[in-house]
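Worksheet: the structure to be examined is printed underneath.
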Protein chains: 4
Amino acid sequence: MPRPRERILDTAMILFHQQGYNNTGINQIIEDAAVSKASFYQHFRSKDDLCIEFLDKRYAYWVSELQNFISDAETVEEKFLKSFDFLIHMNKKENFRGCSFLNILSEIPVEKTDLHHVIRQHKKTLRDAFNTDIKDDLISDHIYLLFESCILTSQLYRSNELIEKSKTIVKDILHDSLRKNE
Amino acid sequence: MPRPRERILDTAMILFHQQGYNNTGINQIIEDAAVSKASFYQHFRSKDDLCIEFLDKRYAYWVSELQNFISDAETVEEKFLKSFDFLIHMNKKENFRGCSFLNILSEIPVEKTDLHHVIRQHKKTLRDAFNTDIKDDLISDHIYLLFESCILTSQLYRSNELIEKSKTIVKDILHDSLRKNE
Amino acid sequence: MPRPRERILDTAMILFHQQGYNNTGINQIIEDAAVSKASFYQHFRSKDDLCIEFLDKRYAYWVSELQNFISDAETVEEKFLKSFDFLIHMNKKENFRGCSFLNILSEIPVEKTDLHHVIRQHKKTLRDAFNTDIKDDLISDHIYLLFESCILTSQLYRSNELIEKSKTIVKDILHDSLRKNE
Amino acid sequence: MPRPRERILDTAMILFHQQGYNNTGINQIIEDAAVSKASFYQHFRSKDDLCIEFLDKRYAYWVSELQNFISDAETVEEKFLKSFDFLIHMNKKENFRGCSFLNILSEIPVEKTDLHHVIRQHKKTLRDAFNTDIKDDLISDHIYLLFESCILTSQLYRSNELIEKSKTIVKDILHDSLRKNE
DNA sequence: GATGAATGAGGGTTCATTCAT
DNA sequence: GATGAATGAACCCTCATTCAT
């Protein structure tokens, strides 16, 4: 059994993602983590504080899972297509819960600027990653926009349909870009 | 001064959209609407009930504003581009609060199937509208995905940058489609 | 059985005075008053809010008891001496708990300016009352200072000794003032 | 940097006096004193234990400051008047925080007899000191009562007005006593 | 002699909802 | 048709203290 701090974070990893931030109370967290309330506040200054650590950990987890999932891709195109497949994979695994970052973004008031900042930061990192693989800004943002939209709409419709469609679209985009560069 | 029911709905229109669903308490609603608590529950079975009516009214409002905004468009392309301009217009007007439907989707637990259903329904209507203007499924969904993504990412980054970029992308998509159909 | 609001105030009258403000929790108040926690907050915005009402009610009670106690005094001197006897009477009745106003003054941080203001206000009213009976500022403040000091030191030493001594002092003061005016 | 025990006491000297006893948590003390929690409990059996040491140290400090302030007084009268000036001096220095002994007396429940005892003891020592300078019990207690009242009311009204008035009163008292003894 | 981890009990406050009138 | 009173459950957070190391 890991140390309390780990247990709290592990519990938050499950609950915040599955139930949302506001729908998960401190009481449920400490009960599931088998930790006293005062212990919780010894390790985290506030629930918002835990949220920030959660966001960091969730991002690290998500990225590592993604990297792993697309690791055997040999071309850039394959890499992108596998990334969209990864969304399908995660939807299955996590029952279409969508993106924790966007969910929490919708939950919290604008006044919580620190949380907003962290969310934005992580999303920006993802967006930049697209641009690393495709130097053309317009194309990388184009695919990034589709990617975000796929996460969102598959959560909304509880269906992978638009992800599949996006794969076709992305293929077209990449082929077109090659053709134009000739 | 309109009847109580109207006042409640009008108040919800402001508060739910600006503060979010969970962050808006019944007490604030009835106070702002100048209505007694019992009166509230006479008109609405529950807060969720009010939420559904809110979603309906919000959709009607949003669509009518959109229609109005793009009414003088003369071509399909112009219509689409103006739709993206509408997002910029709304971001300015509503301080990048994003989409009430998606925000509430993120806030509520999956168990509230009725709310999920209403949200999905309205979003599906929007998606279908894109398909009415462009018969090609792939293209209309492509633009729809960009559209949703623009709402989302402009809320996230508090910037219209990606909306502007999307307009360029959409122009390309439409021109390409014309070229291919020739 | 009176209405909840009354029960809460009556309970606060006992507990705040006997245990102090910070040593009396909301939980004890609502339990003793047999009222639910939410009911409490329906009637009082906060604990501090209740405190203000308590201070008002306590002052009214204390003054009325005082008036009653000294009602049969026929001269100004007798009135003052009986006022000091009233302190002895209250010490006996309330087990040397001293003055709620001064006790709470000592308990709360300076930031709570509204509470400080109310306390000051009531004390000023008392001080002014002394000046109504004795027009000479210096003498009335002199006796007022002794009066406050008697409340305080009798609480401190749990003894009425200094009150008795003060009665002698006050007699001297008043006689001296008469002599000088001759 | 002094030893931990000293640092804790020094910190308590500041915090207990300025914020009050109950409003100062152990956590703030150990943080400000840069001491571990277990270290704290190694040196002090409990918070109440620290409080007693604080009261002792505070008394020693206060008396020494007072002695120093009135050291150049040449007559008994001058000594007393300077003592009242000392109150003004301290009010300025400590922002009308009043008397730590009386403040804590108001904060703690009657059950804490040891704390009450210590407070009473120190105050009795002060009262006795007045009687050393003026052999007449009635007069020395009279001035003592005014002295305590001045501390209290200047804290209450956040003003030195009544201290100034008391100086006039004290002068009268001493002159009268001389006249009578002639 | 010194420490970080862990705690039970309680702090004040807010929630959506129901009831008698 | 409208109301103010009342509620149980849950909210996030802090308290002084003890323990194994």
Side-chain angles (χ1 to χ4, degrees), chain A residues 2-8 21-31 33-51, chain B residues 3-5 7-8 21-31 34-51, chain C residues 2-8 21-31 33-51, chain D residues 3-5 8 21-30 34-51:
Chain A
R3 318 208 93 200
R5 193 172 208 286
E6 294 303 308
R7 296 208 302 274
I8 294 169
Y21 181 58
N22 287 327
N23 293 318
T24 304
I26 291 282
N27 288 321
Q28 191 185 2
I29 293 174
I30 62 169
E31 190 172 344
V35 160
S36 81
K37 195 169 284 192
S39 260
F40 175 92
Y41 281 96
Q42 187 123 19
H43 294 292
F44 302 94
R45 242 199 302 248
S46 66
K47 194 190 175 192
D48 282 1
D49 223 58
L50 171 61
C51 187
Chain B
R3 319 207 87 209
R5 194 171 207 288
R7 295 209 303 274
I8 294 170
Y21 181 58
N22 287 326
N23 293 318
T24 304
I26 291 282
N27 288 321
Q28 192 185 0
I29 294 173
I30 63 168
E31 188 174 344
V35 160
S36 84
K37 192 163 285 192
S39 254
F40 175 90
Y41 280 95
Q42 192 126 13
H43 291 294
F44 302 94
R45 226 179 319 185
S46 67
K47 193 189 175 192
D48 283 0
D49 224 58
L50 171 62
C51 187
Chain C
R3 317 208 95 200
R5 195 173 206 287
E6 294 302 310
R7 296 208 303 273
I8 294 171
Y21 181 58
N22 287 326
N23 294 316
T24 305
I26 290 283
N27 288 320
Q28 191 185 1
I29 294 174
I30 62 170
E31 190 171 343
V35 159
S36 81
K37 196 169 282 193
S39 260
F40 175 92
Y41 280 95
Q42 187 122 21
H43 293 293
F44 302 94
R45 242 200 300 248
S46 66
K47 194 190 174 191
D48 282 0
D49 222 59
L50 171 62
C51 187
Chain D
R3 320 206 84 210
R5 193 172 208 286
I8 293 169
Y21 181 58
N22 287 326
N23 293 320
T24 303
I26 291 282
N27 288 321
Q28 192 185 0
I29 293 173
I30 62 168
V35 160
S36 85
K37 192 164 284 191
S39 253
F40 174 90
Y41 279 96
Q42 193 127 12
H43 292 296
F44 302 94
R45 228 182 316 185
S46 66
K47 194 190 174 191
D48 283 1
D49 225 57
L50 171 62
C51 187

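Lettering follows sequence order; numbering is per chain, from 1.
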Can you tell me how far the CD1 atom of I26(C) sits from the CZ atom of F40(C), to the nearest 0.5 Å?
-> 3.5 Å

Could you check which of dT14(E), dT13(E), dT7(E) has an atom nearest any side-chain atom of I26(C)?
-> dT13(E)

With rounding to the nearest 0.5 Å, note down the distance linking CG in L50(D) to CZ in R5(D).
-> 8.5 Å

Might you confirm whether atom CD of Q28(B) has over 12 heavy atoms from other residues, nucleotides or ligands at distances under 6.0 Å?
-> yes

Whichever of V35(A) and R45(C) has its nearest DNA chain E nucleotide further upstream toward 5' = V35(A)

Interatomic distance, Q42(D) CD vs dT3(E) C1' [rounded to whole Å] | 9 Å

Reported OG-to-CD1 distance for the pair S39(C) and I8(C), which is rounded to 0.5 angstrom | 7.0 Å

Report yes or no: does K47(A) contribute a side-chain atom to a donor-acceptor pair with the main-chain N or O of Y21(A) at less than 3.5 Å?
-> yes

Would you say a side-chain N or O of S39(C) is under 4.0 Å from OP1 or OP2 of dT7(F)?
-> yes

dA6(F) P sits how many Å from K37(C) NZ, rounded?
-> 18 Å

Using heavy atoms to find the nearest nucleotide of DNA chain F for G25(D) and F40(A) separately, return the residue whose nucleotide is more 5′.
-> F40(A)

When you measure from the side chain of R3(C), which nucleotide among dA5(F), dC19(F), dC15(E) comes out closest?
-> dA5(F)

Between dG4(F) (C1') and E31(B) (CD): distance, integer Å = 15 Å

Nearest-Å distance for atom pair CG/P, residues D48(D) and dT17(F) | 7 Å

To the nearest angstrom, how far is I8(A) atom CD1 from dA6(E) atom P?
-> 8 Å

Check: N23(A) and N22(B) side chains under 4.5 Å, non-hydrogen atoms | yes

Nearest atoms (heavy-atom pairs only) where P4(C) meets V35(C) = CB-CG2, 4.0 Å

Quick one: R7(A) CZ to dA6(E) P, roughly how many Å, whole number?
-> 7 Å

Mind calculating the distance between CD1 (I30(C)) and P (dA6(F)) to the nearest angstrom?
-> 14 Å

Go ahead and write out DNA chain F as dot-bracket, 5' to 3': ( ) for pairs within the strand, [ ] for ones crossing earlier pairs, | when the partner sits on another strand, dots for unpaired; Watson-Crick or G-U wobble, both distances under 3.5 Å.
-> .||||||||||||||||||||

Starting at OH of Y41(B) and ending at C1' of dA16(E), how long is that distance when rounded to a whole Å?
-> 4 Å

Can you check whether N27(A) has a side-chain N or O nearer than 4.0 Å to OP1 or OP2 of dC11(F)?
-> yes

Starting from the 5' end of DNA chain E, give me the residue, P4(A) or S36(D), whose nearest nucleotide shows up first.
-> S36(D)

Of all the choices, dA6(F), dG4(F), dT13(E), which nucleotide is nearest to the side chain of H43(C) once you look at every atom?
-> dA6(F)

